[in-house]
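Okay, structure first, notes after.
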Amino acid sequence: MCGIVGAVAERSITPILVEGLKRLEYRGYDSAGVAVFTQSGQLQRCRRVGKVAELAQALAGEPLNGHLGIAHTRWATHGAPSERNAHPHFSGEELAVVHNGIIENHEELRSRLQGLGYVFSSDTDTETIVHLLQHKLQQLGDLAAALKAAIPELHGAYGLAVISAKQPDRILAARSGSPLVIGLGLGENFLASDQLALRQVTDRFMYLEEGDIAEIRRDSVQIWDASGQSVQREQVQYHEGAEAADKGAYRHFMLKEIHEQPKVVQRTLEGRLGTDHVLVQAFGPQAEELFAKVRNVQIVACGTSYHAGMVARYWLEGLAGIPCQVEVASEFRYRKVVVQPDTLFVSISQSGETADTLAALRNAKELGYLASLAICNVGISSLVRESDLTLLTQAGPEIGVASTKAFTTQLVGLMLLTLSLGQVRGTLEAGVAPELVEELRRLPTRLGEALAMDKTVEKIAELFAEKHHTLFLGRGAQYPVAMEGALKLKEISYIHAEAYPAGELKHGPLALVDSDMPVVTVAPNNELLEKLKSNLQEVAARGGQLIVFADQQAGMSNGAGTHVVNMPHIHDALAPILYTLPLQLLSYYVAVFKGTDVDQPRNLAKSVTVE
Ligand code: G6P
């Protein structure tokens, strides 16, 4: 998704802008550009379709040197990916704008501005912003005043940055629905849509809040809130996760992040487990009081986070006896929903900025839910700020577009929620909380053991190199794990993969099974194992290639066309977390074999901040 970087400094800022864009590459984009107020006293820009490396190469050929600039990675929403649609957008030779988000009234603005004589050179909604600003600037003469006057006319969600050749000592920024952070330096200041972009130049940050407008100069930062009052925002020193934007010894961020799971699961548990129970306060000061009233749970999320919600449903109903519904946010937000009394609304999101999930939360607030809880990986995200309760996962920044460690830490957070609700409501069977708390403490070690199978899974991945379709099977809480396994494989290897509850096999997908269709199955040692084994017989009998990740105590062994990988034994309730790991590794190695762009798969974005 789009990324913004800006800099005003005494040193040359172009390398800072380009490095910042590189650090935002993980969000997914299709084109990139920079605009710099150059030493010749002009605003000049360079834009390229494709990777930031291509932009950097173009800039090496024709350098843009200056002390003020803005830059952008674009993920097309209005207008195809092309150089003319890439940001920054200009109005005349005087103003440049970069923008994340969507201006919903762009058509009306465009015709109004065209009526005033402005000529558009792109198909973007963003270009309406820059001409509107130019129009205001001509009336008001000052960039901050122009931006303040333009904001009420912009409908939609945006984070934006603007520079002017007439006032080339400042960057103006505005935030409404799309995050922005100011990076503070000594005699230099910066702006970005994600602080990761600025970690190379500073560790001091100031996060803009909804409705804020900021004027950023080399030696000052001024911020006005939504009501126009001059305000101070807190300065935050950033230490945590300093290493996250670096691949270290790993070939890809995704592999690094898969291997970080024992550590980040441990962190997510830290401070949240008592001797034999979960510390309900982990969900916030009012959690205990609110949880006591919860009679239903509604979970809403997108993508991988939705799969975490699907697993949680088995836990909430199976362990805590609390009815639970799960829905993808893009459906929930547009549906007429009947809300049961005393229902807790739970949103799950790695980024906390996913447009559909945020919109679902905002709708939910009007619908009479008991309270809202966000399970999220980003403490400063919109989702967290707008929810009554929060449980932060501690996955650290996740760079690979395909989510891995965020998913397993979400599952840990959801298990903590299940146990907390069950404890407070008194609905857990005796002994369940102490037993699972003990198992959770052992979980990081179990995950480490599963990751030790890395090389075995790499070997199996070779079987997939020439395949075009795959089936993933699971039963019970392993069904959503199979769904997540299928999603991972299609996201990064582009092999078509579908997940089915194993019991549905004979109701359709069995027709597809032959020697060209590998079938991947997760088989913990639980009461569904025998049923699963007979499902697998159905596959083997049709010449299908079976890959089974099975509990070492499940009594399954290799046979003709059947590859069994023995997994460490684990408590059945935590099996979905453990069994996710080999499926992540499998997708990773298949993608490596196929030579795809593992960390930035085609057409996908890390953070989907538009509908
Ligand atoms: C995108 C990402 C997925 C992610 C989904 C939801 O599709 O590529 O990895 O699961 O958005 O994102 P969220 O940040 O809300 O978890």
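Order of listing sets the numbers, starting from 1, for every ligand and every atom in it.
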Check: Would a line drawn from the ring center of Tyr250 to the ring center of His259 be shorter than 6.0 Å?
Finding: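 So the answer is yes for these two rings.
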
Note to self: Below 4.0 Å, non-hydrogen atoms only: which portion of Ala605 touches ligand 1? Side chain, backbone, both or neither.
What the structure shows: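 Under 4.0 Å from ligand 1, Ala605 contributes backbone atoms alone.
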
Tell me: protein heavy atom nearest [atom], and distance?
atom: atom 12 (O) of ligand 1; answer: Thr354 OG1, 3.3 Å
atom: atom 3 (C) of ligand 1; answer: Val401 O, 4.3 Å
atom: atom 4 (C) of ligand 1; answer: Thr304 N, 4.3 Å
atom: atom 11 (O) of ligand 1; answer: Lys606 O, 4.0 Å
atom: atom 6 (C) of ligand 1; answer: Cys302 O, 3.4 Å

Margin query: Is it the case that atom CD in Gln325 sees more than 12 heavy atoms from other parts of the structure closer than 6.0 Å?
Written below: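 Counting other residues, nucleotides and ligands, CD of Gln325 stays at 12 neighbours or fewer.
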
Counting from 1, what ligand 1 atoms have a heavy atom of [X] closer than 4.0 Å?
X: Gln350; value: 13 (P), 14 (O), 15 (O), 16 (O)
X: Ser403; value: 9 (O)
X: Ser305; value: 10 (O), 13 (P), 16 (O)

Next item on the list: Looking only at distances, please establish whether an N/O atom of ligand 1 is found under 3.5 Å from an N/O atom of Gln410.
Entry: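 Looking only at distances, the answer is no, because the N/O contact criterion of under 3.5 Å is not met.
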
Next item on the list: Drop me the distance from Leu344's CG to Leu417's CG, to the nearest 0.5 angstrom.
Entry: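 Answer for the CG-CG pair, Leu344 versus Leu417, is 6.5 Å.
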
Check: Strictly by modelled atom types, are Glu353 and Ser382 linked by a side-chain donor-acceptor pair under 3.5 Å?
Finding: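 Their side chains do contain a donor-acceptor pair, which is all the 3.5 Å distance test asks for.
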
Notebook entry, point to check: Between Thr393 and Asn377, does any side-chain donor sit less than 3.5 Å from a side-chain acceptor?
Noted result: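 Asn377 and Thr393 do have a side-chain donor-acceptor pair below 3.5 Å.
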
Checklist line | Pi-cation contact, Tyr494 with Arg602 (under 6.0 Å, within 45°) | finding: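 Ring-cation test returns yes.
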
Item checked: By salt bridge (Lys or Arg N to Asp or Glu O under 4.0 Å) - contacts of Glu491 (at least two apart) ->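 Residues passing salt bridge (Lys or Arg N to Asp or Glu O under 4.0 Å) with Glu491: Lys488.
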
